[in-house]
Student: 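The structure is given below, and queries will be raised subsequently.
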Amino acid sequence: MPHPKRKILVTSALPYANGAIHIGHLVEYIQTDIWVRYQRLCGHQVVYVCGDDAHGTPIMLRARKEGLSPEDFIGRMNLEHQRDFARFDIAFDSYYSTHSTENQALCVHIYEILRKNGHIVTRDVEQFFDPMEQIFLPDRFIRGTCPNCKAPDQYGDSCEICGKHYQPTDLINPRSAVSGAIPVRKTSRHFFLRLEHFRQQLQNLLQTRFVDESVANKLREWFTTELKDWDISRDAPFFGFAIPDEADKYFYNWLDAPIGYLASLAHYLAAPAEDAIQFWQNDDLEVHHFIGKDIVYFHALFWPAMLFGAGLRPPTKLAVHGHLTVNAEKMSKSRGTFISALQYARYLDPQWLRYYFATRLTTAPSDLDLSFEDFTARVNSELVGKLANLISRAAPMLNRLLNGETGVPVVDALPLLEQLRQAKPEIAQAFEERNFAGATRQICSLADKANKFVEDNAPWVLVKTDAQAARGVLTAALEAGRILTIYLKAIVPQFARSVEQCLNIAPLEWQHIEDSMPAHKINAFVHLATRVDDKAVQSLIQENMMSEPTAVTPPSVIPPTPSTATSSSSNPSPAGPGSVEPLAPTCTIEQFAAVDLRVARVISAEDLPGSDKLLKLQLDAGALGHRVVLAGIKKAIALDQLPGRLVIFCANLAPRKMKLGTSEGMVLASGPGGTEVFLLSVDSRATPGQRVH
RNA sequence: CCGAGGGUAGCUCAGCGGUUAGAGCAGGGGACUCAUAAUCUCCGGGUCGUGGGUUCGAAUCCCACCCCUCGGACCA
């Protein structure tokens, strides 16, 4: 009524077609779906599209491992994903795939324009190459010893033990995760999008309501330096779209992933790609992308840049959410908290998760925690104890004592009902802003009042003396339940459906808040929501701990973060230069002498909680005294093997303040890092403090 | 070290310049028995991270510091 109908295109990030949907992913899809359902409830025109991000080397390799063609593999994943989403009532209008003819047409179309307009350049890039497999290796497919903490078998982009990020070229003893071969450097021509061309437009975009202020602050940092060209090409063999007029060149899947939103739209429209573009360009259309904070870069820079370059409008809004932790820790297989959507649904009700996430989601892109204790408490006390209870006490009573017929709410109930209705704008605003925590808080508080009303008027007593009055009380209670259900409908649609059935009313819409139920006969009560059984929660976690990490083939590329789209092989910077420990430039004897290497004896080694890679070593350097050195060897060398041992360390290295203390030197070691670290030692007769020449 | 966000009752959080600081959950007492042992009621419980400042008045604004989380830099 008051506001005109909005036209809104909504997307959730495209999950990578390489693994199952897990509860971390679900934060985003549930958040998006609640928002979408709310908008629809208000009568707005919403198209909600998504699909699998189906391209890339990880998928190609994974398919091969399973003995499938990539097409068959992603087809299977797509079905699995759709099945999982359906269980959680994610109401996509179109769930498609980046591997589609529409997407290919769109990618080529946009690329051609970018090229024509001079936004594409080519440049030679040197990269790791697997000589056995004859493929270029994404960072994640190079494993080696972490150069920082010397943990062995770490990914090429970052170390899981110490958390350090680096270039694959920094790895000690790098190996191809595909074949085990030693990667070699190889040069190839790559295509780049000149991001700098779009600096002004991108910055202007930040002046709009494109992102919330806290995110905008962060984004502005990117503009303090030159925007680097973005590498959009990959070499054959690659599972993706070929770049036109080029032999053996493919589009990087992060190029076709966001374009996949358009492709999914085309699929929804059942129309050719041009129609999707036309739809997109509609002046009245709002475009909202829901994404995790890990992929802001792609959606705030690359994607708008592509659109600008192609003469298309940018998105209206990025709705950024944080990551999920479970019981206050990162999801962990060993703790049983790495839970797939499927596993969750086997033990627990998806409605509960929708409700619980809603109570935790705010506008801010901060991480949210799924504490199972809190989860159980809140679902039981709020969703079941307050909300469901209101109807489950009133409806059966009306059926049993008063023939199931509602009447007119008693006069005493009018202030309550008025209050319920007056909450509308505030709750609406909370939904609009994605402040679902605020919305549920208000809804619960209203439910408290409604329950109190029932309590105060005791219809079960009243019915003995004044049936009509009792009917009026129960009618009011059900009316209150009906209004609350409208408020809740976007969050727990199945709950709402049950209420509608029970109250024998048409599907509820937001505008029905103002209405009153006419006197009518209600249906038999149906159970609205069961309580969470703590045992089921325990079973779920137990089973998860037991279940072997199957389905994950060696180069496990299941994104460790909950959010989505192309988390693997997603190093945003252009394919970095580097090499397999190339020989350093020649140095003079003076330069060499500048480095003062000394013998030292390890006095003690202690763990540094908070660092995955570093150990704190106390060194006895003889006349030089004692030194504290933080060495990245935790993964490689057991604590008890260190004390007493002679090592070589650089004694005149400038002290370095690190996160967990200051390091007064550097212990020398070889090896790729991670668990492959080999300390240099000297013959046993060397004494601490001696210089190495 | 830089940036962002946060530190308010045992727990999760609301309040973000104005009367004695709130809610839910948990704990304790009571009421009720219509309801999925639900609901209602009462109680205990906080020097609102620390120290300064602005103000008639600060949890709320400013400055410094401490701690946590998340990015980034550095370590490499």
Side-chain angles (χ1 to χ4, degrees), chain A residues 145-150 158-159 162-167 169-172 213-222 224 293-294 296-297 322-323 325 328 330 356 359-360 362 364-369 371 373-402 435 437-438 440-442 444-445 447-463 470 473-474 477 525 527-533 561 610-611 613-614 629-632 653-663 666 669 672-673:
Chain A
T145 300
C146 170
N148 180 43
C149 74
K150 317 301 188 224
S158 67
C159 173
C162 70
K164 171 71 189 171
H165 290 263
Y166 40 72
Q167 295 292 313
T169 43
D170 299 331
L171 280 178
I172 304 167
E213 202 46 37
S214 68
V215 179
N217 283 337
K218 187 165 187 63
L219 300 202
R220 286 188 237 282
E221 289 176 31
W222 295 339
T224 57
K293 62 184 184 182
D294 55 327
V296 168
Y297 210 88
H323 293 165
T325 55
K330 278 195 176 165
Y356 184 72
T359 69
R360 308 290 312 217
T362 63
S366 52
D367 289 349
L368 67 146
D369 185 48
S371 146
E373 204 180 322
D374 192 40
F375 168 86
T376 305
R378 292 192 80 143
V379 169
N380 286 350
S381 97
E382 294 175 10
L383 186 61
V384 181
K386 293 186 207 295
L387 275 354
N389 183 242
L390 184 65
I391 292 169
S392 94
R393 64 197 307 201
M397 216 189 312
L398 190 72
N399 274 324
R400 187 154 27 81
L401 303 172
L402 296 162
N435 179 13
T440 50
R441 201 166 37 242
Q442 292 185 68
C444 280
S445 136
D448 284 343
K449 289 176 179 134
N451 273 311
K452 178 170 163 49
F453 165 80
V454 176
E455 199 71 29
D456 290 347
N457 289 276
W460 55 93
V461 176
L462 199 57
V463 72
V473 169
L474 292 175
F525 176 69
H527 214 67
L528 300 174
T530 39
R531 332 190 89 240
V532 180
D533 180 358
T561 53
S611 169
K613 294 180 174 174
L614 295 175
V629 171
L630 305 188
L653 191 67
R656 184 92 220 171
K657 188 159 187 211
M658 295 167 75
K659 192 175 167 189
L660 301 167
T662 301
S663 183
M666 182 184 285

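Note that the coordinates shown come from a computational prediction; the quantities given were computed from them, not determined experimentally. Quick note: numbers below take in every heavy atom, side chains included, and nothing from hydrogens, waters or symmetry partners. Note on naming: letters A, B, ... go to the chains in the order of the sequence lines (proteins, then strands), and numbering restarts at 1 for each one.
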Student: If the P atom of B:U39 is compared with that of B:C2, how far apart are they to the nearest Å?
Tutor: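 Straight-line distance between the two P atoms is 50 Å.
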Student: Within the 4.0 Å heavy-atom criterion, would you say A:S381 contacts the bases, only the backbone, or no part of the nucleic acid?
Tutor: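 The answer is sugar-phosphate, as A:S381 gets under 4.0 Å only of primed atoms, P, OP1 or OP2.
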Student: Please give the distance between the C1' atoms of B:C25 and B:A9 as a whole number of Å.
Tutor: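 Here B:C25 and B:A9 have their C1' atoms 12 Å from each other.
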Student: Would you measure the distance from the P atom in B:G7 across to the matching atom in B:A31 and give it in whole Å?
Tutor: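 After rounding to an integer number of Å, I get 40 Å for this pair.
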Student: Would you indicate what A:A529 reaches in the nucleic acid, counting non-hydrogen atoms under 4.0 angstrom: base, sugar-phosphate, or nothing?
Tutor: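 Base, at least one base heavy atom under 4.0 Å.
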Student: Mind checking A:A388 for me? I need base, sugar-phosphate or nothing, with any heavy atom below 4.0 Å counting as a touch.
Tutor: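 The residue A:A388 makes base contact.
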Student: When we call it a touch if two heavy atoms are under 4.0 Å apart, what does A:D448 touch: a base, just sugar-phosphate, or nothing?
Tutor: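 A:D448: backbone/sugar contact only, no base atoms under 4.0 Å.
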Student: Give me the distance, rounded to whole Å, that separates B:U60 from B:G15 when you measure between the C1' atoms they each carry.
Tutor: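 Per the computed distance, 8 Å lies between those C1' atoms.
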Student: Between B:G18 and B:C74, how far apart are the two P atoms, rounded to whole Å?
Tutor: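 Straight-line distance between the two P atoms is 45 Å.
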Student: Taking NZ, NE, NH1 and NH2 as the nitrogens, is one of them in A:K452 or A:D448 under 4.0 Å from a carboxylate oxygen of the other?
Tutor: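 Salt bridge: no.
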Student: Considering only the P atoms, how many Å lie between B:G46 and B:C62, rounded to the nearest integer?
Tutor: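 Comparing P positions in B:G46 and B:C62 gives a spacing of 29 Å.
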Student: Of the options B:U36, B:A35, B:C32, whose atoms approach the side-chain atoms of A:W460 most closely?
Tutor: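 From the listed options, B:C32 comes nearest.
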Student: Who does B:G45 pair with, Watson-Crick or G-U, both distances under 3.5 Å?
Tutor: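 In the structure as shown, B:G45 has no Watson-Crick or wobble partner.
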Student: Taking a pair as Watson-Crick or G-U wobble with both distances under 3.5 Å, which nucleotide is matched to B:C16?
Tutor: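 Matched B:C16 with nothing under the 3.5 Å cut-off.
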Student: Would you compute the distance between atom CG of A:L474 and atom CH2 of A:W460 and round it to the nearest 0.5 angstrom?
Tutor: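 The CG atom of A:L474 sits 9.5 Å away from the CH2 atom of A:W460.
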Student: Answer with base, sugar-phosphate or nothing: what part of the nucleic acid does A:E382 contact at a heavy-atom distance below 4.0 Å?
Tutor: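 The answer is sugar-phosphate, as A:E382 gets under 4.0 Å only of primed atoms, P, OP1 or OP2.
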Student: Would you indicate which nucleotide in B:A38, B:C34, B:C25 comes nearest to any side-chain atom of A:E455?
Tutor: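 Selected nucleotide (nearest to the side chain): B:C34.
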Student: Write down the partner of B:G24 under the Watson-Crick or G-U wobble criteria, each distance required to be under 3.5 Å.
Tutor: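 Looking at the geometry, B:G24 pairs with B:C11.
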Student: Whether A:K386 contacts B:C25 is assessed here as follows: a side-chain N or O lying under 4.0 Å from the phosphate OP1 or OP2. Is that the case?
Tutor: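 Yes.
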Student: Please tell me if A:R378 has a side-chain N or O lying less than 4.0 Å from either OP1 or OP2 of B:C13.
Tutor: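 Answer is no, no contact under 4.0 Å.
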Student: Would you classify A:N389 as touching base, sugar-phosphate or nothing, given that sugar-phosphate means primed atoms plus P, OP1 and OP2, and contacts are heavy atoms under 4.0 Å?
Tutor: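 Since a base atom lies under 4.0 Å of A:N389, the category is base.
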Student: What does B:C34 pair with, Watson-Crick or G-U, if both distances are under 3.5 Å?
Tutor: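 Partner of B:C34: none found under 3.5 Å.
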Student: Describe the nucleic acid contact of A:R441 in one word from base, sugar-phosphate, nothing, applying a heavy-atom distance below 4.0 Å.
Tutor: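 The answer is sugar-phosphate, as A:R441 gets under 4.0 Å only of primed atoms, P, OP1 or OP2.
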Student: Taking atom P in both B:A58 and B:G51, compute the distance separating them and give it to the nearest angstrom.
Tutor: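 15 Å, rounded to whole Å.
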Student: Of all the choices, B:A35, B:C70, B:C25, which nucleotide is nearest to the side chain of A:A377 once you look at every atom?
Tutor: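 The listed nucleotide nearest to A:A377's side chain is B:C25.
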Student: Looking at B:C70, which nucleotide sits across from it as a Watson-Crick or G-U wobble partner, both distances under 3.5 angstrom, or is there none?
Tutor: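 B:G3 - that is the nucleotide pairing with B:C70, both distances being under 3.5 Å.
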Student: Mind checking the P distance from B:U41 to B:A23? Whole angstroms is fine.
Tutor: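 Between the two P atoms, the distance is 11 Å.
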Student: What is the pairing partner of B:C61, taking Watson-Crick or G-U wobble pairs with both distances under 3.5 Å in any strand?
Tutor: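 WC or wobble partner is B:G53.
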Student: Describe the nucleic acid contact of A:L390 in one word from base, sugar-phosphate, nothing, applying a heavy-atom distance below 4.0 Å.
Tutor: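 No contact.
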Student: Please check: side-chain N/O of A:N380 versus main-chain N/O of A:V532, any donor-acceptor pairing under 3.5 Å?
Tutor: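 Yes, because the side chain of A:N380 sits within donor-acceptor range (under 3.5 Å) of the backbone of A:V532.
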